[in-house]
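The figures that follow rest on heavy atoms only: side chains count, while hydrogens, waters and symmetry mates do not. From a predicted model like this one, the values you see are computed outputs, not experimental measurements.
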Amino acid sequence: LLVPDEYSTIQSAIDASSDGDSVLVSAGTYYENINFNGKNIAVIGEDRETTIIDGGGNGRVVTFDNGEGSNSVFDGFTVTNGSGNGGGGMYCNVSSPTLVNCMFTNNTALYYGGGMYCFSSSPTLENCILWNNYGSEIDFNSVTPTVTYSDVKGGWSGTGNIDADPLFVDLVNGDFHLQAGSPCIDTGDPNSSLDPDGTRADMGAFYFDQSTTLNVTNLVAGQTALVEVTNATPSNFSHFAWSVNGGGPISTPFGDAMIS
């Protein structure tokens, strides 16, 4: 089931689906609030870098409250601007869905679980980021969610988890791409599929593309190398690193680089 080619909204595709189906969501921002309605289906963001569900402050963004199991999969989305008494980004009630490569940010709960709230539920999260949600990142009652290889503000017990600023490009204006140096780069589950650039999976919905690295090697004294950067924008960075053997300092546009 294709969104928006066949169905204009994610929810309408879920409503039309049956157990075992996949709802494939094209890149874009979808202003809606979705409920899996007990279906064991996979809802997958086609381009995880730019597939966003924005709740618009009009309730929880994602709901699992009809006994969904591990075959209910939510993969490759940024979930933002959700709100609720508990579970602004996601609410689980007696359900155990699987979440992969997702980001929950800027969601709000009045009492608990701004990112997500789980009541008698045991969702599984892998390669996810929960950051800058209001009313705690994750809260639960009775059963603890299983979280691995994820970045959770305030920390969360589990294999490979970290608690570190993911270094979004522009959190305030909703650019959730990772900057170079982000602790979420190459720290996803090592058994996950590789990122499109061929490197280890990153945490979250937005992978950092490392495929455009330029290497200049074997220069000798007196030789120069010119690197020209075009089409640079505030969110399109070029990063430089160098290693010098046998001499120094060297001059760069950013000042002299000394041997270390």
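Under the 4.5 Å side-chain heavy-atom criterion for Ile, Leu, Val, Met, Phe, Trp and Tyr, Phe36 and Val73 are members of distinct hydrophobic clusters. When the side chains of ILVMFWY residues are joined at heavy-atom separations under 4.5 Å, either directly or via intervening members, Tyr7 and Ile34 end up in a single hydrophobic cluster. Linking ILVMFWY side-chain heavy atoms closer than 4.5 Å, directly or via other members, places Phe77 and Leu130 in a single hydrophobic cluster. The hydrophobic cluster containing Ile129 also contains Ile162, counting ILVMFWY residues as joined when their side-chain heavy atoms lie under 4.5 angstrom apart, directly or transitively. Ile53 and Leu1 end up in the same hydrophobic cluster when Ile, Leu, Val, Met, Phe, Trp and Tyr side chains are linked at under 4.5 Å.
Side chain of Ser72 to main chain of Glu68: no donor-acceptor pair is present (N/O by atom type, distance under 3.5 Å, no hydrogens or angles). Between the side chain of Asn33 and the backbone N or O of Gly59 there is at least one donor-acceptor pair closer than 3.5 Å. In this structure, the side chain of Ser26 engages the main chain of Val3 through a donor-acceptor pair within 3.5 Å. In this structure, Asp202 contributes its side chain and Asp186 its backbone to a donor-acceptor pair below 3.5 Å. Although no hydrogens or angles enter the test, the distance criterion places a donor-acceptor pair under 3.5 Å between the side chain of Glu32 and the main chain of Ile10. Checking side-chain atoms of Arg200 against main-chain N and O of Asp195 turns up no donor-acceptor pair under 3.5 Å. Although no hydrogens or angles enter the test, the distance criterion places no donor-acceptor pair under 3.5 Å between the side chain of Lys153 and the main chain of Asp163. A donor-acceptor pair is defined here as one N or O able to donate and one able to accept, closer than 3.5 Å; no such pair exists between the side chain of Asn40 and the backbone of Asp19. Between the side chain of Asn133 and the backbone N or O of Phe104 there is at least one donor-acceptor pair closer than 3.5 Å.
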Just do the side chain to side chain donor-acceptor pair (under 3.5 Å) check on Ser96 and Ser122 with the steps written out, would you?
CA-CA 5 Å; Ser96 304; Ser122 53; 2.8 Å; yes

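Side-chain contact check for Trp156 versus Ile138: some heavy-atom pair is nearer than 4.5 Å. Within the 4.5 Å cutoff, side-chain heavy atoms of Pro97 are placed close to those of Cys92. Put simply, the side chain of Val43 reaches to within 4.5 Å of the side chain of Ile41, judged on heavy atoms. In this structure, Asn107 and Tyr134 have side chains that are not in contact, with every pair of non-hydrogen atoms separated by 4.5 Å or more. Considering only heavy atoms from C-beta on, Asp54 stays 4.5 Å or farther from Tyr30 through its side chain. Here the side chains of Cys102 and Phe74 are in contact, with some heavy-atom distance below 4.5 Å. Here the side chains of Val147 and Val152 are in contact, with some heavy-atom distance below 4.5 Å. Between Tyr149 and Thr159, the closest side-chain pair of non-hydrogen atoms falls below 4.5 Å.
Between Phe208 and Asp197 the shortest heavy-atom distance is O-OD2, 3.1 Å. The shortest heavy-atom contact between Gly86 and Ala109 is CA-CB, 4.2 Å.
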